Amino acid sequence: MSVEAPVKKFAIKDYKSDLHNDWCPGCGDFGILTGIQMALAQLNLDPDKVAVFSGIGCSGKTPHYIKAYGFHTLHGRVLPVATGARLVNSDVTVIALGGDGDGYGIGAGYFVNSGRRNVDMAYLVHNNSVYGLTKGQASPTLSKGKKTKSMPEQAIQDGINPIAMAVAAGYTFIARGYALEPKHLAGIIAKSIEHKGAALVDVLQTCPTYNDLYTKEWYEGADLPEKRSRLYKLDETGFDGVVHDVTDEQEIVAKKAAAVVKSYEKEPIPIGIYYQAELPTYEDALRQRIPSLAEKALIDIDVFHRDTEALLEAMR
Ligand code: SF4
Ligand code: MG
């Protein structure tokens with residue numbers, strides 16, 4: 001009689017590294033880190049099967065604090081590195097993350113092209129409207145006319161709308177979370193990981209050191225006479241961003257249009273899933289073109305000892 005070994009149940013502590021964390025006290029990045037660790041525990045993912053990639057910025061330190069494989073890459077370059085890792089080893093859950101300056105500024109070209117490519121991975125953006133690591137300059141998400149305490153003058157260029165950009169680029173899962181609601185954020189992150197395709201989670205993140213506009217109190221609406229939150233949850237309003245019939249182009253267009261309209265709501269700001277559609281991924285297309293990839297991951301294929309004579313002959 002064979003006895004099956006019990007499935008190991010991972011807990012949040014299994015994803016915590018013992019490295020010293022040097023984020024400023026009260027930074028919203030702590031909430032995002034907790035949200036990621038809670039999501040990994042919810043999905044019971046083996047830390048040995050998770051790889052977390054980051055760009056440069058305060059958010060770039062996140063992989064150091066997660067017990068899983070990690071790679072702190074270059075400014076704006078997290079998506080191509082994460083894409084390469086995912087395509088080489090499809091057995092690993094790939095999470096890419098970075099800041100708003102990193103991803104929507106220098107990394108904007110990769111941001112757009114990763115959407116249309118639809119590689120199966122989750123991309124989390126710590127969106128605090130400033131370049132925190134370099135002393136709080138205005139980032140691409142700060143609106144025209146705004147001035148944080150780290151800026152000598154108001155911004156004279158407008159901010160971008162990352163949700164609308166993600167819709168246009170072709171991301172198949174688009175959501176927004178809030179760093180100081182890690183439980184709600186964890187649910188969104190778990191869904192972004194479970195989604196088969198390119199997922200963007202734009203996370204509104206407080207930076208108490210440099211951004212005195214979008215603070216915890218501002219999000220709570222402490223300055224408003226009615227003291228109501230400046231955030232609301234899409235799923236509590238009956239909003240349904242999920243495409244139920246992906247063969248119906250009209251439904252896809254209608255759901256994308258609804259997501260863009262929601263993305264322009266300012267006060268209160270919607271959080272939750274704006275749009276989701278299960279469409280063929282880049283990996284699906286690769287497996288069709290190269291059938292051996294359907295049998296094993298590229299990392300398990302001996303690409304160095306192939307007989308290339310016939311190919312070279314054909315090119316002569
Ligand atoms: Fe967080 Fe801002 Fe400090 Fe960076 S500078 S660690 S984003 S509070
Ligand atoms: Mg930033």
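Start at 1 and go down the list; that is how both ligands and their atoms are numbered. The model shown is predicted, which means the values in this text are computed figures rather than measured ones. FYI, side chains are in, hydrogens and waters are out, and symmetry mates aren't considered; it's all heavy atoms of this structure.
Taking the six-membered ring where the residue is Trp, the centroids of Tyr171 and Phe111 are separated by under 6.0 Å.
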Counting only pairs under 3.5 Å, give me each side-chain donor-acceptor contact of residues 44-51, with atom names and distances, residues two or more places apart or in other chains.
| unit_1 | atom_1 | unit_2 | atom_2 | d |
| --- | --- | --- | --- | --- |
| Asn44 | OD1 | Phe10 | N | 2.6 |
| Asn44 | ND2 | Lys8 | O | 3.0 |
| Asp46 | OD1 | Asp48 | N | 2.8 |

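Shown are Arg117, Arg289, Arg86; of these, the salt bridge (Lys or Arg N to Asp or Glu O under 4.0 Å) with Glu283 is made only by Arg86.
Near-neighbour remark for atom 1 (Fe) of ligand 1: protein N, O or S atoms under 2.8 Å are Cys27 SG; waters not counted.
Listed by number with element, the atoms of ligand 1 under 4.0 angstrom from any heavy atom of Tyr210 are 5 (S).
Using the six-membered ring where Trp is involved, Tyr214 and Tyr219 have ring planes that are tilted, between 30° and 60° apart.
The closest side-chain heavy-atom distance from Tyr210 to Asp212 is not below 4.5 Å.
Under the 4.0 Å criterion applied to side-chain N and carboxylate O atoms, Asp120 and Lys196 are not assigned as salt-bridge partners.
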